[in-house]
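Here's the structure, in structure tokens; my notes come after.
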Amino acid sequence: MDYLAELNERQREAVLYTEGPLMIIAGAGSGKTKVLTTRIAHLMKKGVDAFNILALTFTNKAAREMKERVEKILGGTEARNLYIGTFHSVFARLLRAEATRLGYPSNFTIYDTDDAKSLLKTIVREMNLDEKQYKPSFVLNRISSAKNGLISYAEYHEDFQLRQEDQRANRPLISKIYESYVKRCFKNGAMDFDDLLFNMHALLTRFPEALVKYQHKFKYILIDEYQDTNAAQYAIIKLLGAVHENICVVGDDAQSIYSFRGATIKNILQFEKDYDDVKVVKLEQNYRSTQSILKVANEVISNNKMQIPKELWTDNIHGEKIILMRTATDNDEGRFVAETISEQKLRNHFHENEFAILYRTNAQSRSMEENLRRKNIPYRIYGGVSFYQRKEIKDLVAYLRLIVNPQDEEALRRIINYPARGIGKTTLEKASVLAAQHNITLWQVLEKPASFGFRSATLQVIESFVYMIKSFQVMLEKHNAYDVAFRVGKETGLVKELFVDKSTEGITRYENIQELLNSIKEFTETPTEEGELLDKRLGSYLQQITLLTDADQDEHDQDVVRLMTIHAAKGLEFPCVFVVGMEETLFPNAMAINTREDLEEERRLFYVAITRAKSKLWLTFTSNRYRFGNLMQNDPSRFLKEIPKDHLDENYAGRAITEPVYRTERYPDSRQQNTPAAASVSGLGNGSAAAKRIPVHVPSENFKPDDPSTFEAGMEVEHQKFGFGKILRLEGNPNNRIATISFRQAGEKKIMLNYARLQITHNEEAG
DNA sequence: TTAGGCGCTGTTTTT
DNA sequence: CAGCGCCTAA
């Protein structure tokens with residue numbers, strides 16, 4: 001029982017309380033994963049069969065880590081029999097086994113967000129609705145939250161409130177689109193992410209035998225990140241656990257950051273009411289961060305009204321103050337981070353992999369990336385476009401999907417004319433109409449094109465396309481997934497097309513395809529538990545990759561700086577953390593400041609960001625940031641004011657204000673060079689919009705920008721783009737001066753001197 | 001049928 | 001700024 005010795009008293013209590021409902025409120029860094037894994041190991045040591053334990057997480061990575069750690073405690077291979085995985089992947093697996101009950105093929109396709117949007121787009125088009133009014137992302141959001149709330153399209157249709165919301169938003173037909181979307185997915189043999197939850201719930205409620213079967217199978221259920229569960233997940237867990245009631249949920253209300261995905265803290269608050277004797281254990285000792293960091297985190301989160309009272313504490317050293325840095329531009333912010341990393345590596349012997357740069361939105365990675373590259377600091381960006389979402393990967397995967405499931409219309413549409421084979425829009429449209437008329441799938445139309453009267457040239461290309469796909473399907477019987485994928489790449493001409501393209505991106509795309517083929521090979525060579533059939537193995541490969549994100553590709557030993565959104569950083573920890581973009585409208589995000597609930601979620605997000613740091617934490621913000629292609633000025637984030645002053649080192653922020661701003665000569669910034677007009681301040685003048693209409697000024701031969709600090713009112717100046725003009729007046733603080741200049745051609749403009757490249761042509765005072 | 005150019009529009013977070 | 005839809009030319 002030595003595994004128990006490593007636990008503190010509270011942790012041990014949580015591990016040993018094995019029977020009956022248990023809720024663990026686990027603060028950040030309090031050893032939550034350790035408790036969960038030890039608990040599972042303990043159950044197994046007590047004689048519980050691994051097959052009877054279900055553990056659900058939100059990321060594959062968390063699941064894998066859990067599995068590995070249990071394996072380590074137990075030794076042997078028993079841990080492999082545990083059902084540990086994400087909600088989505090575990091349910092996908094169960095649904096695959098039970099698919100026929102619901103009328104789905106067992107090798108159903110899983111649609112990712114792109115597939116779903118693309119299908120919605122075709123549906124909206126087919127319904128002759130305005131595509132701007134019913135934008136796929138908007139419609140998908142509506143449908144998604146309905147499904148996550150377990151509201152079927154029929155119920156949606158009857159729901160007064162939902163209908164009214166749609167009316168008010170001038171999108172009254174959402175419920176109709178919802179209905180066709182569901183029907184079409186079903187026809188395509190496809191489920192989207194939300195369907196994996198919705199249909200799992202449907203399975204358990206509509207088929208009592210299935211419910212009973214799984215209720216008895218999963219005698220012990222553990223749920224990680226319970227604060228992030230939504231109504232569907234909540235209901236499923238409740239159903240599954242109803243017989244044994246051995247449900248252990250772990251969560252931290254302070255880290256609930258997924259309400260936009262339907263998650264609700266209510267599930268945590270509700271838990272105690274759902275069962276008669278709920279044992280609650282609070283883990284409040286933090287093993288991760290310095291006292292300083294923890295104090296700041298506690299202080300910040302205390303501004304939230306909605307929370308379960310608790311106070312995280314730690315035995316760790318006090319540590320250093322948190323450093324606040326202000327820069328002039330987003331590019332400077334990136335440079336500061338890159339320079340600080342270099343400096344810290346030298347001074348404190350940190351490795352690259354001890355740093356993380358966290359931001360609110362993916363778009364912010366760019367300025368970081370550019371500056372890290374400039375300083376030759378190796379890095380890796382998580383999120384954004386994941387490997388499996390890249391075009392070239394999706395193209396090849398679409399072929400594989402179609403081979404496994406010819407009903408999959410999205411896959412078919414994607415590749416029917418890629419590489420180009422003369423089946424264009426007209427043909428596809430005709431086929432779609434026919435499919436709808438005869439109530440068959442698109443594929444079924446293409447299978448018998450002769451009976452639908454296509455022109456003979458078209459007929460021929462369709463037939464050879466179908467023949468090709470069918471020949472791949474035949475291959476499935478005797479060849480493994482890799483052989484099929486390889487042949488597909490070759491015979492469709494897809495690989496060749498990428499090989500011929502020798503541009504940088506073309507080479508990357510080619511390499512990506514090779515990487516995909518390698519991963520398929522690896523998959524085929526790793527035996528699966530139940531020795532499933534070969535075609536099923538390609539099917540299961542496809543199911544699995546749709547649920548992968550690129551956080552799952554992490555090789556943790558890689559010595560690189562990690563860049564990711566705060567959302568993606570949840571559950572991770574780093575010795576040194578930069579939280580960048582601490583500005584109003586960005587963080588808290590402008591989309592999330594209108595209600596207390598939203599704002600509190602932003603604050604929890606900030607709390608998550610702070611608590612990722614073990615020993616050093618930097619917060620940065622910038623006065624000027626490019627957004628939407630023009631320069632925006634933001635105030636410092638309100639959250640900064642919530643940090644206790646004695647834990648915050650503001651020297652750097654101060655220095656940045658009094659020091660001259662980094663000059664463009666020293667660090668050329670491509671954006672500024674290419675578009676000098678972008679330097680005019682949007683919102684102040686009629687800057688960039690007007691700039692487009694002005695005839696381009698050709699700068700003088702010996703044009704050389706002068707030091708901005710030397711400019712004064714009354715000077716005659718030349719601007720690279722706006723031409724000659726005179727400074728009327730200057731305003732703004734000394735380091736961010738804004739000049740109003742009257743240009744001969746371009747008229748009156750407000751120009752930020754730090755960015756504009758201006759040359760003095762005549763000095764009134766001197767001359 | 002396809003490629004290429006122009007103009008509009010939008011940026012939150014993700015399984 | 002970028003990605004996408006729409007239009008035009010070939």
Side-chain angles (χ1 to χ4, degrees), chain A residues 56-63 85-92 110-114 116-118 121 125 131-132 135-138 140-141 144 147-148 191-197 225 228-230 232-233 256-263 330 358-364 366-367 382-386 388-389 391 417-428 457-458 461 544 546-552 564-570 581 585-593 598 601-602 604-606 608-609 625-632 670-671 674-675 677-678 688 692:
Chain A
L56 297 174
T57 65
F58 275 81
T59 63
N60 293 297
K61 200 178 164 188
T86 64
F87 281 90
H88 294 265
S89 67
V90 167
F91 293 168
I110 297 174
Y111 279 174
D112 68 14
T113 310
D114 288 338
K117 282 186 192 164
S118 137
K121 204 166 168 182
R125 221 172 258 177
E131 288 175 55
K132 292 214 170 107
K135 267 181 283 191
S137 53
F138 181 91
L140 184 61
N141 260 331
S144 173
K147 284 182 184 168
N148 285 321
M191 297 191 196
D192 66 15
F193 288 144
D194 307 311
D195 286 332
L196 295 175
L197 307 181
E225 311 275 16
D228 289 332
T229 52
N230 59 36
Q233 290 160 328
S256 163
I257 54 175
Y258 280 104
S259 73
F260 68 92
R261 219 164 67 187
D330 46 357
L358 309 182
Y359 34 76
R360 176 69 237 265
T361 66
N362 281 305
Q364 290 165 258
R366 188 142 162 189
S367 57
Y382 295 82
V385 209
S386 96
Y388 294 103
Q389 282 171 315
K391 187 191 169 298
N417 202 32
Y418 180 78
R421 52 175 70 87
I423 308 179
K425 216 168 79 181
T426 324
T427 310
L428 193 59
T458 316
V461 285
Q544 151 202 304
T546 316
L547 296 172
L548 284 181
T549 63
D550 60 11
D552 299 319
M564 63 189 91
T565 63
I566 302 167
H567 282 90
K570 195 162 77 150
T585 76
L586 195 59
F587 193 23
N589 195 273
M591 312 291 284
I593 51 173
D598 283 351
E601 177 149 323
E602 292 287 293
R604 289 193 295 270
L605 197 55
F606 185 38
V608 168
R625 177 181 298 280
Y626 277 92
R627 277 176 104 185
F628 273 128
N630 43 22
L631 205 56
M632 312 286 278
S670 58
R671 285 174 309 193
N674 293 338
T675 56
S688 53
K692 282 178 190 160

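This structure is a prediction, so every number in the text was calculated from the model and none was measured. Throughout, a chain's letter reflects where its sequence line sits, starting with A, and its residues are numbered from 1. Computed from heavy atoms alone, side chains included, the values below leave out hydrogens, waters and symmetry copies.
Nucleic acid contact for A/Tyr258: sugar-phosphate only, since backbone atoms but no base atoms lie under 4.0 Å from a heavy atom of the residue. In this structure, A/Asp112 reaches neither bases nor backbone, as no heavy-atom distance under 4.0 Å exists between it and the strands shown. Residue contacts shown for A/Ala590 are absent, as no nucleic acid heavy atom lies under 4.0 Å away. Residue A/Thr113 is in base contact, counting any heavy-atom pair closer than 4.0 Å across all strands shown.
Between B/dT11, B/dT13, B/dT15, one nucleotide has an atom nearer to the side chain of A/His88 than all others, and that is B/dT15. Of the candidates B/dT15, B/dT12, B/dT11, B/dT15 carries the atom nearest the A/Phe193 side chain, counting heavy atoms from C-beta on. For A/Asn362, whose side chain is taken as the heavy atoms from C-beta onward, the closest listed nucleotide among C/dA2, B/dT14, B/dT15 is B/dT14. Each of C/dA2, B/dT12, B/dT1 was ranked by its minimum atom distance to the side chain of A/Thr427; first place goes to B/dT1. The A/Lys135 side chain lies nearest to B/dG10 when the options are B/dT12, B/dG10, B/dT2. Closest to the side chain of A/Arg366, out of B/dT1, C/dA2, B/dT12, is C/dA2. The side chain of A/Ala420 lies closest to B/dT2 when the candidates are B/dT2, B/dT14, B/dT15. The side chain of A/Thr426 sits closest to B/dT1 out of B/dT15, B/dT1, B/dT2.
For the pair A/Lys570 and B/dT13, the criterion of a side-chain N or O lying under 4.0 Å from OP1 or OP2 is not met. Regarding contacts with the backbone of B/dT15, every side-chain N or O of A/Asn230 stays at 4.0 angstrom or more from both OP1 and OP2.
Side chain of A/Asp192 to main chain of A/Tyr111: no donor-acceptor pair is present (N/O by atom type, distance under 3.5 Å, no hydrogens or angles). Proximity of a side-chain donor or acceptor of A/Glu131 to a complementary backbone N or O of A/Arg125 within less than 3.5 Å is not detected. Checked by atom type and distance alone, the side chain of A/His88 never pairs as donor or acceptor with a backbone atom of A/Leu196 at under 3.5 Å. Between the side chain of A/Glu601 and the backbone N or O of A/Ser259, at least one donor-acceptor pair lies under 3.5 Å.
Following rounding to the nearest Å, A/Asn141 (CG) and B/dT15 (P) show an atom-to-atom distance of 15 Å. Atom CZ in A/Phe138 sits roughly 17 Å away from atom C1' in B/dT11 (whole-Å rounding). Computed from coordinates, the A/Phe587 CZ to B/dT13 C1' distance equals 10 Å when rounded to whole Å. With rounding to whole Å, A/Tyr388 atom OH is found 16 Å from B/dT15 atom C1'. In this structure, A/Lys132 places its NZ atom 9 Å from C1' of B/dT9, rounding to the nearest Å. Between A/Lys391 atom NZ and C/dG3 atom C1' the separation is 14 Å, expressed in whole Å. The distance between atom CG of A/Asn589 and atom C1' of B/dG10, rounded to the nearest whole Å, is 13 Å. Between the P atom of B/dT1 and the OH atom of A/Tyr418 lies a distance of 19 Å, rounded to the nearest Å.
If you check distances only, the side chain of A/Arg360 does reach the base of B/dT13 with a donor-acceptor pair under 3.5 Å.
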Quick one: do A/Phe58 and A/Thr86 satisfy side-chain contact (heavy atoms from CB on, under 4.5 Å)? Show the steps, please.
CA-CA 5 Å; A/Phe58 275 81; A/Thr86 64; over 6 Å; no
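In this structure, A/Thr565 and A/Ser137 both approach DNA chain B, and ranking their closest nucleotides by distance from the 5' end singles out A/Ser137.
B/dT13 sits 16 Å from C/dC4 when the P atoms are compared, rounded to a whole Å.
Within the cation-pi definition used here (under 6.0 Å to the ring centroid, within 45° of the axis), A/Lys570 does not qualify as a partner of A/Tyr258.
Residue ring and nucleobase are stacked for A/Phe260 and B/dT13, with a centre distance beneath 5.5 angstrom and an angle between planes beneath 30°.
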